[in-house]
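Below: one structure, written as structure tokens.
So that the names make sense, note that chain A is the first sequence line, chain B the second, and so on, each numbered from 1.
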Amino acid sequence: MPELPEVEVVRRGVHQHVAGRTVAEVEVLHPRSVRRHLAGSVDFAAQLVGRTFTGVGRRGKYLWLDLDEVVPGGDAVLAHLGMSGQILVQPPGTPDEKHLRVRFRFADEGPELRFVDQRTFGGLALAELTGSFGVLVPEPVAHIALDPLDSGYDPDRVVAALRRRRTGIKRALLDQTLVSGIGNIYADEALWRARLHWARPTATLPRAAAGDLLSAATEVMTEALGEGGTSFDALYVNVNGESGYFDRSLNVYGKEGQPCQRCGAPIRRDAFMNRSSFSCPACQPRPRNAHF
DNA sequence: ACCGTGGCCTGACAGC
DNA sequence: TGCTGTCAGGCCACGG
């Protein structure tokens, strides 16, 4: 979290506000927020001055700002929001946010682009473009699988790859090299819709059930995007700082003890991978051969 | 090659 | 009140 719908909301906002604008100054206020840049944050800033953002791409939870021409060997500013990252568009002179990490000022002296991140799990990077699934993406994104909203996404291929795994179904859903964009919230929601327990082994999952699960994941993320994403608090916002409304539509995530919307059984919460899994004990019974 | 775990981070909150 | 412990969890490095 933020997961695919929230990142797509941000991508659209960034594109609307910065496409065609030329960078005048970059201020890095926290070194950890600039990643994979051996020459350091000062060099990162210097390399961007005078360059023009031409578009904003996304794959899974990564997004990137294209710089000038999109050509092999070109580069882009890659961003990952991590747990608490925000990209905000703010008029110059707006007081700095408490966790402002990187500021972009533009030659037109219009609104700034600000990377704000409380926990610094996210970050920015200047990355070279390389080919992946037939398109150019920043090199650190090359190994990330296509997401369900990508035009090249092929659910049959994901089903086949998923059934070759020897692990639990939720662990597989969260593996960004299998299918990208799904995090803890939408994994739990998709599993509930498909009536599957999170520890169900991938290896014995029928092809149709795997297909239904991926369809459910696509549906729930598409619906969430239509609501502007999911927000529990002020951390998950669009570029104008506004929250989405999909949290009202969640069926299991964060609903421990509340009645299942299908059968009324109280939603249970299990510890899993140092986090929580929410599910309905009646609709999603624990399998005998559970894979933890 | 595949699979699973630990570390990175800070703020909100519960309990004493 | 102020302290401590727990939780939130995506990604990557690393070990088996």
Side-chain angles (χ1 to χ4, degrees), chain A residues 1-8 10 29-38 58-64 78-87 96-102 115-125 127 137-145 147 158 160-191 198-205 217 221 229-237 243 247 250 252-257 269-278 289-292:
Chain A
M1 182 162 76
E3 308 179 28
L4 187 155
E6 294 75 40
V7 178
E8 175 61 16
V10 172
L29 295 100
H30 193 306
R32 192 178 142 78
S33 296
V34 171
R35 300 289 168 82
R36 304 164 180 263
H37 201 83
L38 295 177
R58 184 189 57 74
R59 177 179 289 179
K61 304 172 199 171
Y62 283 92
L63 65 83
W64 60 91
L78 180 63
H80 196 292
L81 302 179
M83 286 296 301
S84 55
Q86 305 174 343
I87 297 180
D96 289 1
E97 293 75 9
K98 183 174 182 186
H99 301 292
L100 175 63
R101 307 304 190 192
V102 182
F115 181 71
V116 177
D117 190 10
Q118 175 197 112
R119 288 157 69 185
T120 65
F121 274 29
L124 306 181
V137 302
E139 188 278 329
V141 178
H143 71 288
I144 299 294
D147 64 65
V158 179
L162 194 135
R163 295 174 79 243
R164 281 195 296 272
R165 289 295 175 91
R166 295 294 179 270
T167 186
I169 186 65
K170 182 170 176 181
R171 204 182 282 273
L173 270 188
L174 295 175
D175 183 344
Q176 305 297 300
T177 66
L178 206 50
V179 53
S180 68
I182 303 172
N184 203 35
I185 298 174
Y186 297 113
D188 279 1
E189 293 297 315
L191 287 163
W198 54 268
R200 181 71 187 266
T202 48
T204 58
L205 194 66
M221 291 197 294
T230 298
S231 301
F232 294 103
D233 53 40
L235 281 184
Y236 312 110
V237 296
S243 296
D247 56 321
L250 296 175
V252 282
Y253 187 84
K255 305 287 185 184
E256 183 181 17
R269 169 180 173 167
D270 300 312
F272 164 73
M273 288 172 77
N274 291 323
R275 66 199 67 186
S276 294
S277 266
F278 298 92
N289 52 355
H291 198 304
F292 296 107

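When rounded to the nearest whole Å, the span between CE of A:M273 and C1' of C:dG10 equals 10 Å. Residue A:H80 contributes atom NE2, which lies 11 Å from atom C1' of C:dC12 at whole-angstrom precision. If you measure from atom CG of A:D147 to atom P of C:dG10, you get 15 Å, rounded to the nearest angstrom. Atom-to-atom, CD1 of A:I185 to C1' of C:dA8 comes out at 10 Å; the value is rounded to the nearest Å. At whole-Å resolution of the value, CE in A:M83 and C1' in C:dA8 are 5 Å apart. Distance CD (A:E256) to C1' (C:dT6): 14 Å, rounded to an integer number of Å. Atom CZ of A:R275 and atom C1' of C:dC7 are 12 Å apart (whole Å). Between the CD atom of A:Q86 and the P atom of C:dG10 there is a distance of 17 Å, rounded to whole Å.
A:D147 has a carboxylate O that lies under 4.0 Å from a charged side-chain N of A:R58, or vice versa, which qualifies the two as a salt bridge.
Counting any heavy atom pair closer than 4.0 Å across all strands shown, A:H143 reaches sugar-phosphate atoms only and no base atom. Residue contacts shown for A:F272 are absent, as no nucleic acid heavy atom lies under 4.0 Å away. Across all strands, A:R269 comes closer than 4.0 Å only to sugar-phosphate atoms, never to a base (heavy-atom distances).
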**Request:** Mind running side-chain contact (heavy atoms from CB on, under 4.5 Å) on A:N184 and A:K170 for me, showing each step along the way?
**Result:** CA-CA 9 Å; A:N184 203 35; A:K170 182 170 176 181; 2.6 Å; yes
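Of the candidates A:R165, A:H291, A:M273, A:M273 is the only one forming a side-chain contact (heavy atoms from CB on, under 4.5 Å) with A:R171.
A:E189 contributes a side-chain N or O that, together with a main-chain N or O of A:V252, makes up a donor-acceptor pair within less than 3.5 Å.
Relative orientation of the A:F272 and A:W198 rings is tilted, given thresholds of 30° and 60° on the angle between their planes.
Partners of A:W64 according to the ring pair (Phe, Tyr, Trp, His ring centres under 6.0 Å) rule, which considers only residues two or more places apart in sequence or in another chain, do not exist here.
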**Item:** Dot-bracket encoding of pairs in DNA chain C, which uses [ ] for pseudoknotted crossings and | for another strand, Watson-Crick or G-U under 3.5 angstrom
**Value:** .|||||||||||||||
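Mapping heavy-atom proximity under 4.0 Å, the span of DNA chain B touched by chain A runs 5' to 3' from B:dC3 to B:dG11.
Comparing A:N274 and A:R166, the nucleotide of DNA chain B nearest to each residue sits closer to the 5' end for A:R166.
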